[in-house]
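See structure below.
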Amino acid sequence: YPPERIRNFSIIAHIDHGKSTLADRLLEQTGVISKTSKNKQVLDKLKVERERGITVKAQSASMFYEYKGMKYLMNLIDTPGHVDFNYEVSRSLAACQGTILLVDAAQGIQAQTVANFYLAFGEGLQVIPMLNKVDLPTAEPERAAQQIESTFEIDSSKILHISAKSGIGVDQVLPAVIENILPPEGSIDQPFKALLFDTWYDKYVGVVCLMAIKEGIIRRGDRIVSSHSKTKYEVTEVGIMYPDPKPTTSLQVGQVGYIICNMKSVSEAHVGDTFYKEKHPVDPLPGFVPAKSMVFAGVFPLDADEFSKLDESIQKLTLNDSSVSVHKETSAALGQGWRLGFLGTLHMDVFRQRLEEEYNANILITAPTVPYKIKYRDGTVKFIKTPADFPDGTTMQEYVESTMEPFVLATMIFPEEYLGQMLELCTTHRGEIQNHTFIDESRVMLTCRLPMSDIVTDFFDKLKSKSQGFASFDYEDAGYDDSQLVKMEVLLNGEPVDALAAVMHKSNVVTVGRDIAKRLKEVIRRQLFDIIIQTAANGKIVARETVKQLRKNVTAKCYGGDITRKMKLLNKQKEGKKRMKKFGKVELPQEAFLGILSSK
Ligand code: GTP
């Protein structure tokens, strides 16, 4: 297939607008998968992805398609739909020349539609808008088309109306891709040059690299070099995703396919790296900004004996997800564990779920926090990923010049009637409104600068409930800014529990301090002695609560010697303690570690 008969494209959409369903239909239409395996969402490969109906890791698949008597090779590069994984979207886009912007005809443009459009537009890609779900009785395709026209300056008469579910209009999708998206550039006679845009670890064959071939040709047995590390590799297999890996004799300019080349771990495969053939160096392609951890949480085994088993499980899981950062951490309260960095809270949830379900891990996970930045008087700058490490008291007064926290630029889209509430929500979260515009007569797009820490706790939940689910939301990194931050400590019977420490803005100290103490009182079970809960900031006690002692005897109800019943009850009590961590004599449930930062 010469480049003019190849099309590399992706589908971008807001979550649930039907991207995976459309991908399945296209793969069926071209015979890559059979029609009988209905709705199997071939591209969503992880179990959690299928369960949650979200795409986390981008996949790709090749199709052969005949159009006007010519045979074409169509490479579909899937993209994730959740804001946490936006960096995956940009890397997928770098492998394409164009993209389908899929919009749910009933919901219209949503926050991620806008974010994704600008990502693609910024990459210089051809964007083909399509309206999906036109079969729904609630679909309003004209209105959605109008929104697309006014927001993206795209002629609404050119928009395809389809239903990925019922199949309406789907046969026009690939012709539109061929007609509107440019073929890849490059020549087979140039020295080999390829962009590595995705990678994963396969149990049997090791590291698999997904590459877009920008120039030349590659075959099994060739020796290639990474521009990033200058490491040399021997190619042991090349092929296309169809939809599973299928070996081919070569990969040529314009194609998208996989290369296996004896890499030991995915950490050697730098997404955005350029590969060339040994003795034929090339200028590297512009790489990507590496994925940044925005959310950190402590992970500890419930049973200290499981530390090494858990260590192994975490290593295995991160083999396939290099965007998780891992550091060992020791907590006075929780013992040995890790501080893991994630792209966002959904990413964290997915990781936790996989750890528990695929590796049977019994873990305790602390409240998520963002990385703070401290500027010391002597000019040094330090990132704080664990709240317990945040300076306070005299250190703060004597050595710290300023404290900074990360901000994001948030985009929200919602019906006009919620404008007042949305503005209020932003202001109560220390937001700075940047702009609000109407995308049609009754829908508003609001942009606002917000502290990332509020995003990782409860901003999103509040947005959903205050707008009755009608508001959509997306954000991008907006850098660090000075902020008056304070560390809040939690003391149980006078002893600070490092794993419960939190960092917050000065203005929140009193409300949050009282709230934390109250909430802890609710989740800590009565024990055989009084428990005094205190919260303190800068050496001053902010709030105090007491959990009164109780003599709890679960076996009191059993008279006589019914030992089996007694054992049953005792076991039940043991079960209840499963998610508890003993601190001194005080037992803390998982909720104590998770519930701290979010306000109800
Ligand atoms: P992410 O992978 O999370 O980004 O979601 P997605 O955009 O891939 O959405 P998906 O294909 O999973 O579809 C979401 C839901 O919409 C599913 O329940 C689909 O069955 C449904 N759906 C998709 N296309 C159509 C359509 O054309 N009509 C109707 N009625 N439902 C559709």
Side-chain angles (χ1 to χ4, degrees), residues 9-29 32-33 35 37-61 76-93 99-117 119-120 127-141 144-145 159-174 176 198 243 343-347 349-350 353 413 460 464 469 472-475:
F9 70 106
S10 60
I11 307 173
I12 51 177
H14 188 78
I15 198 155
D16 277 351
H17 281 200
K19 189 172 28 78
S20 310
T21 310
L22 177 60
D24 283 355
R25 281 307 90 77
L26 296 177
L27 293 173
E28 276 173 18
Q29 202 184 60
V32 182
I33 58 170
K35 285 210 168 76
S37 50
K38 241 186 171 177
N39 270 336
K40 70 175 189 183
Q41 308 225 332
V42 179
L43 297 180
D44 287 356
K45 280 191 184 144
L46 293 173
K47 182 171 166 246
V48 265
E49 291 183 339
R50 286 196 309 267
E51 266 175 27
R52 293 176 175 231
I54 47 157
T55 310
V56 172
K57 204 148 166 54
Q59 301 284 350
S60 107
L76 167 60
I77 290 128
D78 192 23
T79 58
H82 190 275
V83 50
D84 277 10
F85 306 103
N86 269 354
Y87 91 105
E88 288 251 1
V89 178
S90 0
R91 59 155 97 164
S92 307
L93 293 180
T99 185
I100 296 172
L101 178 71
L102 198 64
V103 179
D104 183 322
Q107 290 195 359
I109 289 184
Q110 298 294 326
Q112 279 162 261
T113 318
V114 179
N116 283 331
F117 172 82
L119 274 177
V127 178
I128 316 174
M130 294 186 189
L131 288 171
N132 189 31
K133 307 199 187 182
V134 294
D135 60 301
L136 284 178
T138 48
E140 293 180 274
I159 301 174
L160 274 184
H161 292 206
I162 65 165
S163 164
K165 195 170 183 178
S166 76
I168 305 169
V170 173
D171 54 348
Q172 294 169 55
V173 172
L174 290 177
D198 196 9
L343 302 168
T345 42
L346 175 78
H347 185 210
D349 279 352
V350 167
Q353 195 183 340
I413 293 181
F460 188 62
K464 283 280 165 208
S472 66
F473 172 76
D474 198 313
Y475 64 81

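Source: prediction; values computed, not measured. Counting convention: from 1, in listed order, for ligands and their atoms alike.
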Please report the interatomic distance CG(L131) to CG(L102), rounded to the nearest 0.5 Å.
8.5 Å
Any heavy atom of D135 under 4.0 Å from ligand 1? The part involved is side chain
Evaluate the side-chain proximity of H161 to I168: yes if any heavy-atom separation is below 4.5 Å, no if none is.
no
Contacting atoms of ligand 1, where contact means under 4.0 angstrom from a heavy atom of L136
30 (N)
Would you mind finding which of V134, T21, V170 brings a heavy atom closest to atom 23 (C) of ligand 1?
T21
Within the 4.5 Å heavy-atom criterion, are L174 and F9 side-chain neighbours or not?
yes
Rounded to the nearest 0.5 Å, the CG atom of L76 sits from the CD1 atom of I100 at a distance of 7.5 Å
Would you say G18 has any N or O atom under 3.5 Å from an N or O of ligand 1, going by distance alone?
yes
Do L26 and V170 come within less than 4.5 Å of each other through their side chains, counting heavy atoms only?
yes
Between K19 and ligand 1, find which residue part has any heavy-atom pair under 4.0 Å and reply side chain, backbone, both or neither.
both
I15 neighbourhood, listing ligand 1 atoms whose heavy-atom distance to it stays under 4.0 Å:
3 (O), 4 (O)
If we only count heavy atoms from C-beta on, is the D16 to D104 side-chain gap below 4.5 Å?
no
Provide the number and element of each atom of ligand 1 under 4.0 Å from a heavy atom of S163.
26 (C), 27 (O), 28 (N)
When you compare the side chain of N116 with that of L93, does any pair of heavy atoms fall below 4.5 Å?
no
Using heavy atoms and a threshold below 4.0 Å, how should the contact between S20 and ligand 1 be classified: side chain, backbone, both, or neither?
both
Give yes or no for whether the N/O distance cutoff of 3.5 Å, strictly under, is met between I162 and ligand 1.
no
Between ligand 1 and S166, is the shortest N or O to N or O distance under 3.5 Å?
no
